[in-house]
Amino acid sequence: MRSKNGSFDLKVYDVVKTIPRGQVRSYAWVAKRAGSPRAWRAVGNALNKNSHPIIVPCHRVVKSDGALGGFARGPRRKLRLLTSEGLTLEGIRAIITKKGAKENDA
DNA sequence: AGACTGACATACC
DNA sequence: CGGTATGCCAGTC
């Protein structure tokens, strides 16, 4: 399991960890930063099995539509964490729908 | 070793 | 504008 540093999921975790608190990014955004702009599927897969739920704020990763997407621990958990950071569904949507937020880094 | 799955996205109808 | 269909990557079974 990605014991070697440099695996895709490892890179994904690193990118997700880079997301500032109170902010959210889409899977495509992470995938792109991870090195494969077409690997959002793998990104979600990596986070799904994520072995580092603590060092990786997976709850800051949402869909490009502004939807929370899903969460291994339950979507409610994710929403709760986001709201805890002072974010809301509309807030998330505002950031994601923001053209450029996906192309430009925070 | 091979096939399926999955927290998505984009395109088409 | 909405829903449906297909495609994609990497990981996991």
Side-chain angles (χ1 to χ4, degrees):
Chain A
M1 192 157 82
R2 287 103 357 234
S3 302
K4 294 180 79 69
N5 193 341
S7 287
F8 196 79
D9 61 343
L10 265 279
K11 194 128 58 177
V12 172
Y13 300 148
D14 187 44
V15 176
V16 176
K17 283 188 322 197
T18 311
I19 303 175
R21 178 185 165 288
Q23 290 288 303
V24 289
R25 289 280 111 77
S26 61
Y27 289 93
W29 184 91
V30 179
K32 194 182 270 209
R33 278 210 53 118
S36 286
R38 292 313 136 138
W40 5 274
R41 301 303 294 251
V43 175
N45 232 33
L47 288 172
N48 179 12
K49 281 94 162 196
N50 84 72
S51 311
H52 310 259
I54 287 119
I55 58 174
V56 182
C58 2
H59 58 270
R60 282 186 203 154
V61 189
V62 299
K63 294 184 44 174
S64 25
D65 299 281
L68 286 179
F71 203 58
R73 277 309 260 148
R76 231 211 72 76
R77 186 58 151 197
K78 183 173 182 170
L79 188 75
R80 201 216 132 112
L81 284 160
L82 288 165
T83 49
S84 228
E85 296 191 356
L87 271 170
T88 48
L89 288 171
E90 34 184 273
I92 293 159
R93 233 170 79 143
I95 298 167
I96 296 299
T97 52
K98 209 152 244 140
K99 299 113 178 81
K102 317 189 308 194
E103 301 277 325
N104 200 15
D105 177 67

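Each chain gets a letter, A, B and so on, in the order its sequence line appears, and its residues count up from 1.
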Hey, what are the protein-to-nucleotides 3-7 of chain B N/O distances that come in under 3.5 Å?
from: B/dG6; atom 1: O4'; to: A/Asn45; atom 2: OD1; distance (Å): 3.1
from: B/dG6; atom 1: N2; to: A/Arg41; atom 2: O; distance (Å): 3.1
from: B/dG6; atom 1: N2; to: A/Ala42; atom 2: N; distance (Å): 3.4
from: B/dG6; atom 1: N3; to: A/Asn45; atom 2: OD1; distance (Å): 3.4
from: B/dA7; atom 1: N7; to: A/Gly44; atom 2: O; distance (Å): 3.3
from: B/dA7; atom 1: N7; to: A/Leu47; atom 2: O; distance (Å): 3.4
from: B/dA7; atom 1: N7; to: A/Asn48; atom 2: N; distance (Å): 2.6
from: B/dA7; atom 1: N6; to: A/Leu47; atom 2: O; distance (Å): 2.4
from: B/dA7; atom 1: N6; to: A/Asn50; atom 2: ND2; distance (Å): 3.1
from: B/dA7; atom 1: N3; to: A/Tyr27; atom 2: OH; distance (Å): 2.6
from: B/dA7; atom 1: N3; to: A/Gly70; atom 2: O; distance (Å): 3.1

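- No continuous path of hydrophobic side-chain contacts links A/Phe71 to A/Val30 [ILVMFWY only; heavy atoms under 4.5 Å].
- Atoms NZ and CD1, from A/Lys63 and A/Ile92 in turn, are 13.0 Å apart once rounded to the nearest 0.5 Å.
- Note: CZ (A/Arg38) to C1' (B/dA11) measures 12 Å, nearest angstrom.
- Minimum atom distance to the side chain of A/Ala39 is reached by C/dA10, of the listed B/dA9, C/dG11, C/dA10.
- To the nearest 0.5 angstrom, A/Ser36 atom OG is 14.5 Å from A/Arg41 atom CZ.
- If you measure from atom CZ of A/Arg25 to atom C1' of B/dC8, you get 17 Å, rounded to the nearest angstrom.
- The side-chain contact (heavy atoms from CB on, under 4.5 Å) with A/Arg60 is formed by just one residue from the set A/Arg21, A/Gln23, A/Arg25; it is A/Arg21.
- When distances are taken from the side chain of A/Ser36 to each of C/dC9, C/dG11, B/dA9, the shortest belongs to C/dC9.
- Considering CG of A/Leu68 and CD1 of A/Ile96, their distance stands at 10.0 Å, rounded to 0.5 Å.
- Note that OG1 of A/Thr83 and CG of A/Leu89 are 9.0 Å apart. Values are rounded to the nearest 0.5 Å.
- Between the P atom of B/dA9 and the CG atom of A/Asp65 lies a distance of 6 Å, rounded to the nearest Å.
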